[in-house]
Amino acid sequence: MKPPRYIALAAAVTAATVAPSTDPASRIAADGLLRDVTRLSSDAMAGRGPGTPGDAKARAYLVSGLKEVGFAPGAPGGAWEQPVALVGVTMKHPAAWIFKGASGEASFPWWKDFIGGSGVQEPKVAIENAEVVFVGYGIQAPEFSWDDFKGADLRGKILVMLNNDPDWDPKLFAGKKRLYYGRWDYKYESAARQGAAGAIVVHTEDSAGYPWQVVQTSWSGTQFELPAAGEPRIKIRSWLTESAVRKLAALGGKDYDALVAQARGRDFKPVSLGVTTSIAFDVELKRTETANVIGVLRGSDPSVADQVMVYTAHHDHLGVGEPDAKGDRIYNGALDNASGCAQVLAIARAFAATRPRPKRSIVALFVAAEEQGLLGSEYWVAHPTVPIGRIAAELNIDGGNIFGRTSDVAVTGKGKSDLEDRLAAAAKSQGRTVVDEPEPDKGYYYRSDQLNFARAGVPALYFKSGQTYLGRPAGWGKSKEEEYRKLHYHQPSDEITPAWDVSGMVEDDRLAYLVGLDVANADRLPAWYPGDEFEAARKKALEASAGR
């Protein structure tokens, strides 16, 4: 990968995005962002795979950046890093997965039709003559009077599950806006609660939000997990293409489209496909360690300095993997998420220059192993360096705008907390408006590190530039984002190039700074909107904090 000319790119930032030099937000500038993205996504970092030398290099770079701007170590014992133990799980997959039915058998080749991983941290896995059962969406949601299992005995069986959640009625599961019930991780957790041997999630690009190639690159090779702690687990977590599942259903004399139609009603019950399967594979287990990088800027008001505004970005990516058509095997992760790390470093720079210092403390938290299932943030929330009830808010940055300035700001998971009101006020100062996310059906709020904070009750904000780009025709922004997902997302080609225009990233990052500054100095703490799914957890955390 040739080093980009980031200084030349910086010159392209329009004067409208440059604040006066006396404004701390002016420390957030194109040259700094591009410098940090360049270093973090260089081939020298080898894709920042968890536990690799490239991972350690990236963490060292982030520590040096925090030191440079004047942040102090924020991990236990005065350290910069909070170690996170991981178990690397590498499934020695069979060439194909074979299923048997009354009409014969079907074989689904690895990579073409079948991708999966071991769900257990054991050296050998074997499933023999397991019945295959279609369970619709695989959801149990009492608040929606929805139960796809109806008390069926599913122990030891392989469950076939539709991706997404019911989306055809705005009064049911929030309509087109995907909830956590629609996520693949929920599906596997749900299958484990039933005592199933394994689960198959049906992949379609529409329901997943990304093409099959993303499943291939994200789920092949070593998968990392936190060490098992006795929680329910399935032996195999897998994906099949929709075309493969159609053949699977037909093998047992079932019509796939008819099954999907049945799954769209509350009265649905699990349907045995009349198919069985056996699969056995070895698993290579390797214990390794990564770390969350934590820096803190102490607040100026002793009465609230123990409360913190947290900024997060994940520092990992996919490391070295399958080569692309050009033979490139390094998954550099420039946009995902070297750009987010660069933005948090720039925000730290701005806060360090803020006078007077904000009343509450500021935490810059670079979390590990997000690509493996939000593991670093999960670990931090379980072992917080600040009590959960003292976290005023969290703002996560996962990716950045590389296409130019926009007139709008899109809130992922819009309608959740009054952080959105603060965002709207700050956006107005930039002449921008706040809008809903363009693809609420993709469930992006449940796909990055803000989710673990939210589940613990912390008001958590995740926003990006909208799709209305200045000087561009309608639809241009959408097409550019779709192009990125198709060609570069989780691919070796996610590299910084001279085509990047980070003027919009600069504006977004300054916006993130302004929101956090407001939170840090406000008289009242942010709150979830009444009735939000995470409101109860917040009340519990605040009560626990008050009782300390």
Side-chain angles (χ1 to χ4, degrees), residues 74 141-144 173-174 177-181 183 185-186 189 292 294 296 299 301 303-312 358-365 367 374 376-398 411-426 434 436-437 440 443-463 512 515-548:
E143 69 273 30
F144 295 114
F173 287 88
K177 185 182 287 290
R178 185 180 308 206
L179 304 180
Y180 185 61
Y181 292 118
R183 293 281 297 137
D185 34 3
Y186 171 84
E189 293 165 1
N292 296 324
I294 312 168
V296 61
D301 186 341
S303 67
V304 293
D306 64 345
Q307 298 175 357
V308 298
M309 171 69 210
V310 179
Y311 288 91
T312 57
K359 296 178 180 180
R360 293 183 176 86
S361 297
I362 306 298
V363 168
L365 173 59
V367 293
L374 320 184
S377 57
E378 178 183 345
Y379 186 85
W380 192 92
V381 168
H383 306 85
T385 55
V386 177
I388 296 296
R390 294 180 187 169
I391 303 175
E394 184 261 359
L395 196 157
N396 184 46
I397 304 178
D398 191 355
V411 179
T412 303
K414 192 173 186 294
K416 302 196 72 62
S417 81
D418 62 18
L419 286 170
E420 296 169 27
D421 302 331
R422 301 166 193 259
L423 176 67
V434 169
D436 198 356
E437 59 187 310
Y444 287 119
Y445 193 83
Y446 305 91
R447 289 169 58 171
S448 193
D449 292 298
Q450 70 280 341
L451 174 62
N452 285 321
F453 285 86
R455 293 176 80 172
V458 178
L461 181 65
Y462 182 33
F463 75 85
V515 171
L517 182 64
D518 182 55
V519 170
N521 288 327
D523 292 333
R524 63 180 180 85
L525 293 173
W528 298 103
Y529 289 139
D532 186 82
E533 60 187 312
F534 302 120
E535 183 185 27
R538 179 60 165 176
K539 291 179 178 178
K540 183 178 179 180
L542 291 175
E543 289 170 2
S545 181
R548 285 178 176 271

Output, in order, the C-alpha distance, side-chain angles, deciding distance and verdict of side chain to side chain contact (heavy atoms under 4.5 Å, CB included) for L461 and Q450.
CA-CA 7 Å; L461 181 65; Q450 70 280 341; over 6 Å; no

Should [X] and [Y] count as side-chain neighbours, where that means a heavy-atom distance under 4.5 Å?
X    : Y    : value
M309 : L395 : yes
F534 : K416 : yes
V519 : Q307 : no
V458 : N452 : no
D418 : R524 : yes
W380 : T312 : no
V434 : K414 : yes

Could you tell me which residues satisfy ring pair (Phe, Tyr, Trp, His ring centres under 6.0 Å) with [X], sequence neighbours excluded, listed by chain and number?
X    : answer
Y444 : none
Y379 : H383
Y445 : none
Y462 : none

Keeping the roles fixed (side chain from Y311, backbone from G516), state whether a donor-acceptor pair exists under 3.5 Å.
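Yes, because the side chain of Y311 sits within donor-acceptor range (under 3.5 Å) of the backbone of G516.
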
Taking S361 for the side chain and A305 for the main chain, is one N or O donor matched with an acceptor at less than 3.5 Å?
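Yes, S361 side chain to A305 backbone: donor-acceptor pair under 3.5 Å.
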
Please assess L419 against F463 for the test side chain to side chain contact (heavy atoms under 4.5 Å, CB included), listing each intermediate value before the final yes or no.
CA-CA 11 Å; L419 286 170; F463 75 85; over 6 Å; no

Working to the nearest 0.5 Å, report the span between [atom1] of [X] and [atom2] of [Y].
X    : Y    : atom1 : atom2 : value
I391 : L365 : CD1   : CG    : 9.0 Å
T385 : I294 : OG1   : CD1   : 4.5 Å
I388 : S545 : CD1   : OG    : 10.0 Å
K359 : L517 : NZ    : CG    : 11.0 Å

Might you point out which heavy atoms bring [X] and [Y] nearest each other, and give the distance in Å?
X    : Y    : result
R422 : A522 : NH1-CB, 3.5 Å
G376 : V367 : C-CB, 4.1 Å
D532 : G415 : OD1-O, 4.4 Å
R538 : P526 : NH2-O, 4.1 Å
P358 : N521 : CA-OD1, 3.4 Å
S448 : N396 : OG-ND2, 2.9 Å

Salt bridge between E535 and K539, side-chain N to carboxylate O under 4.0 Å?
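K539 and E535: salt-bridged.
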
Electrostatic pair K177-D436, nearest N-O below 4.0 angstrom:
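Salt bridge present between K177 and D436.
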
Parallel, tilted or perpendicular, judged at 30° and 60°: which one describes the rings of Y181 and F144?
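Because their plane-to-plane angle is over 60°, the rings of Y181 and F144 count as perpendicular.
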
For Y446 and Y180, take the angle between the two ring planes, folded into 0 to 90°, and tell me which bin it lands in: parallel under 30, tilted 30 to 60, perpendicular over 60.
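Taking Y180 first and then Y446, their aromatic rings sit tilted (interplane angle of 30° to 60°).
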
Give every residue pair that meets the salt bridge (charged side-chain N to carboxylate O under 4.0 Å, His left out) criterion with at least one member in residues 448-460, sequence neighbours excluded.
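Pairs touching residues 448-460 that pass the test: none.
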
With sequence neighbours excluded, what pairs up with S417 under the side chain to side chain donor-acceptor pair (under 3.5 Å) test?
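Checked S417 against side chain to side chain donor-acceptor pair (under 3.5 Å); zero matches.
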
May I have the step-by-step check of side chain to side chain contact (heavy atoms under 4.5 Å, CB included) for R447 and R183, ending in yes or no?
CA-CA 8 Å; R447 289 169 58 171; R183 293 281 297 137; 3.1 Å; yes

